[in-house]
Structures are given as structure tokens and as C-alpha cells.
Amino acid sequence: MYFPQFLVGMFATSFIVAIWAVLETGSIWKAFGWAVVALIILQVGYIGLVLGLIYGRGSKGAEADPAAANSMPAFRGELGKILQRWNRARPR
């Protein structure tokens with residue numbers, strides 16, 4: 001998820017929470033407080049998601065075979081033949 005897309009969603013959600021709080025409590029200040037709490041909860045969740053993705057990618061990367069990461073998948077048909085010729089002709 002892109003960060004700008006997350007920001008738009010976060011502010012839209014807090015706006016909806018603020019409208020709901022105004023309708024329930026009738027107080028602008030309570031609505032503002034609930035909106036801020038929603039923003040904080042969403043931000044903590046986003047940071048947790050990012051850290052989980054980083055941690056998950058790091059643990060998978062430690063177990064991965066470095067030779068397999070640099071190899072190309074096998075292609076069939078004409079594309080495979082073209083790639084094989086290109087790899088043989090390419091200087092290393």
C-alpha cells in the first residue's frame with residue numbers, strides 16, 4: 001500500500017469517526033478527541049504492519065538460497081530460447 005493512499009484512507013476514516021461521534025454525543029470536542037484516537041490507532045496499526053512486513057522479509061531472506069535468488073526461472077517456448085541465446089551471448 002502506498003503511503004499517500006494510506007493517508008487518504010486514514011483521514012477519511014477519522015472524518016467518519018468524527019461525524020459519528022458528533023451525532024452520538026453532540027459535542028464537537030468529543031468528536032475531535034475520538035477522531036484523534038482513531039488517527040493514533042490507525043498509525044500504530046500501520047507501523048505494526050510495516051514492521052511485520054520488514055521482519056517477515058528479513059527472516060525469509062536469511063533462509064533463502066542466494067544462488068536461487070540470482071537465477072532466472074525457466075521459460076518454455078520461443079521466449080526460453082531467446083533468453084538462453086541472450087544469456088550465452090552476454091559478457092559477464
Side-chain angles (χ1 to χ4, degrees):
M1 173 182 274
Y2 296 108
F3 188 68
Q5 183 182 9
F6 167 73
L7 285 178
V8 169
M10 184 176 70
F11 284 117
T13 303
S14 65
F15 184 71
I16 291 169
V17 168
I19 291 173
W20 169 73
V22 165
L23 293 175
E24 288 294 319
T25 63
S27 170
I28 298 290
W29 292 109
K30 285 184 181 179
F32 179 73
W34 277 104
V36 169
V37 168
L39 287 171
I40 291 170
I41 290 171
L42 287 170
Q43 190 66 34
V44 168
Y46 182 75
I47 290 170
L49 175 68
V50 169
L51 290 176
L53 289 173
I54 291 170
Y55 177 74
R57 185 175 293 170
S59 64
K60 288 180 186 174
E63 298 170 2
D65 183 19
N70 294 330
S71 65
M72 291 182 54
F75 289 101
R76 297 181 190 173
E78 288 298 315
L79 180 60
K81 291 176 185 176
I82 292 169
L83 287 175
Q84 285 176 354
R85 278 185 270 149
W86 184 75
N87 281 332
R88 276 188 254 135
R90 186 175 60 169
R92 297 191 191 244

Checklist entry - Among Leu39, Ile47, Ile41, which one satisfies side-chain contact (heavy atoms from CB on, under 4.5 Å) with Gln43? => result Ile47
Item to check | Check: Thr13 and Met10 side chains under 4.5 Å, non-hydrogen atoms | outcome: no
Next on the checklist: Grouping I, L, V, M, F, W and Y whenever their side-chain heavy atoms are under 4.5 Å apart, do Leu42 and Phe11 come out in a common cluster?
Outcome noted: yes
Checklist entry - If every non-hydrogen atom of Ala35 is compared with every non-hydrogen atom of Ala18, which pair is closest and at what distance? => result CB-CB, 4.0 Å
Next on the checklist: Under 4.5 Å between side-chain heavy atoms, counting indirect links through other Ile/Leu/Val/Met/Phe/Trp/Tyr residues: same cluster for Trp29 and Trp20 or not?
Outcome noted: no
Checklist entry - Would you say Phe15 and Val37 are hydrophobically clustered, going by side-chain heavy atoms of ILVMFWY under 4.5 Å? => result no
Item to check | Tyr46 with Ile54, same ILVMFWY side-chain cluster at under 4.5 Å | outcome: yes
